[in-house]
Amino acid sequence: MDGIHDLGGMAGFGAVEIERDEPAFHEPWEARAFALNTLGIRVLGTYNVHEYRHAVERMDPAHYLAASYYERWFTGVATLFVEKGVVTRGELEARAGGPVPLSRPAAHVAGTPAPAAAPPRFAAGDSVRVREAHPAGHTRAPRYVRGRRGRIVRVSRRFEYPDLAGHALAAAEEPTYHVEFAARELWGDSAEASGCVVVDLWQSYLEAAP
């Protein structure tokens, strides 16, 4: 989905702030948010990692931009715990002592059969183009590379297709690739001539480029 979370390549947010000796968690509640997500995915098996990512993507844009990194974790986990029936919204807000903003409902995505496990269609050195698609639901194809040409630099592991798994639909594993894009292919002639970006992409996102 083309939501506010898809910030890759956008300008105007200033330089990335680097915190030296950054701790894993700045506050104890951040560790709890992390642990709750592990509980939902690994222990209870209530949802998968793609559903979690999509729950964060569904946050109200103003809430998303104002929230810290682990506030987004908490919102995603709380949303899924309510949607999956682990807790009711009333129980959640009673424990929190007030309203808890949750993510928006997921867009409906038609249940399609999981694609058959396919062999890699591309090899290192092949030229590819990212399909120009704007799905209503979850996707791991960043907007700034869609329609752009790149070069396969490595055939990587198989992973389940996130555009289906993010909606709890059956999804076969398919090859993924490390794809290198020239900076000028993405951002025009004002970009550094020797710059490049490598993005991990699923096979279904790619087509052969001449």
Side-chain angles (χ1 to χ4, degrees), residues 1-8 10 13 22-115 133-144 146 158-174 176 200-202 204-205:
M1 63 186 290
D2 296 344
I4 192 64
H5 68 282
D6 194 354
L7 296 172
M10 291 180 64
F13 288 90
E22 182 180 13
F25 305 105
H26 288 83
E27 302 290 343
W29 69 265
E30 295 180 338
R32 291 187 179 183
F34 181 90
L36 283 171
N37 199 30
T38 302
L39 175 70
I41 295 175
R42 301 293 184 190
V43 180
L44 299 177
T46 305
Y47 52 88
N48 63 51
V49 67
H50 303 291
E51 291 179 273
Y52 159 71
R53 290 188 174 116
H54 189 42
V56 174
E57 295 165 4
R58 293 188 273 125
M59 290 175 65
D60 179 87
H63 182 199
Y64 181 93
L65 289 176
S68 68
Y69 181 70
Y70 279 108
E71 284 179 76
R72 295 171 189 161
W73 277 62
F74 173 76
T75 301
V77 172
T79 297
L80 288 166
F81 274 18
V82 170
E83 290 180 347
K84 301 288 186 177
V86 177
V87 297
T88 68
R89 186 156 191 168
E91 291 170 336
L92 174 68
E93 295 189 342
R95 293 295 299 271
V100 176
L102 300 180
S103 300
R104 296 170 171 173
H108 174 70
V109 173
T112 55
H134 300 271
H138 179 59
T139 186
R140 295 296 304 279
R143 186 168 35 190
Y144 73 97
R146 297 178 202 163
R158 292 173 175 269
F159 290 97
E160 60 183 353
Y161 185 51
D163 294 36
L164 294 176
H167 298 268
L169 299 172
E173 293 186 343
E174 62 175 61
T176 61
D200 296 344
L201 294 165
W202 272 256
S204 290
Y205 298 150

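Because the structure is predicted, anything quoted here is derived from the model rather than measured.
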With rounding to the nearest 0.5 angstrom, report the [atom1] to [atom2] distance, [X] to [Y].
X	Y	atom1	atom2	result
Leu65	Ile4	CG	CD1	4.5 Å
Glu30	Ser68	CD	OG	6.0 Å
Lys84	Leu44	NZ	CG	12.5 Å
His54	Asp163	NE2	CG	10.0 Å
Thr75	Leu80	OG1	CG	11.0 Å
Leu169	His50	CG	NE2	12.0 Å

With sequence neighbours excluded, tell me which residues meet ring pair (Phe, Tyr, Trp, His ring centres under 6.0 Å) with Tyr144. Trp187
Is there a side-chain contact between [X] and [Y], using heavy atoms and a 4.5 Å cut-off?
X	Y	result
Arg32	Tyr70	no
Ile41	Val49	yes
His5	Arg53	no

Can you see which heavy atom on [X] is nearest to which on [Y], and at what distance?
X	Y	result
Tyr161	Glu174	CD1-OE1, 3.8 Å
Asn48	Ala165	ND2-O, 3.0 Å
Tyr47	Leu36	OH-O, 4.1 Å
Arg143	Gly3	NH2-O, 3.7 Å
Leu164	Ala171	CB-CB, 3.7 Å
Asp6	Met10	O-SD, 4.0 Å

Heavy-atom donor-acceptor pair, [X] side chain to [Y] backbone, under 3.5 Å:
X	Y	result
Arg89	Val100	yes
Trp202	Phe159	yes
Arg58	Arg104	yes
Tyr205	Thr139	no
Glu91	Val87	no
Asn37	Trp73	no
His167	His138	yes
Ser103	Thr79	no

Going through the distances and angles, do Arg140 and Thr176 end up as a side chain to side chain contact (heavy atoms under 4.5 Å, CB included)? CA-CA 11 Å; Arg140 295 296 304 279; Thr176 61; over 6 Å; no
Checking Phe81 against Leu92 for the side chain to side chain contact (heavy atoms under 4.5 Å, CB included) test, could you report, in this order, the C-alpha distance in whole Å, the side-chain angles of both residues, the deciding distance, and whether it holds? CA-CA 9 Å; Phe81 274 18; Leu92 174 68; over 6 Å; no
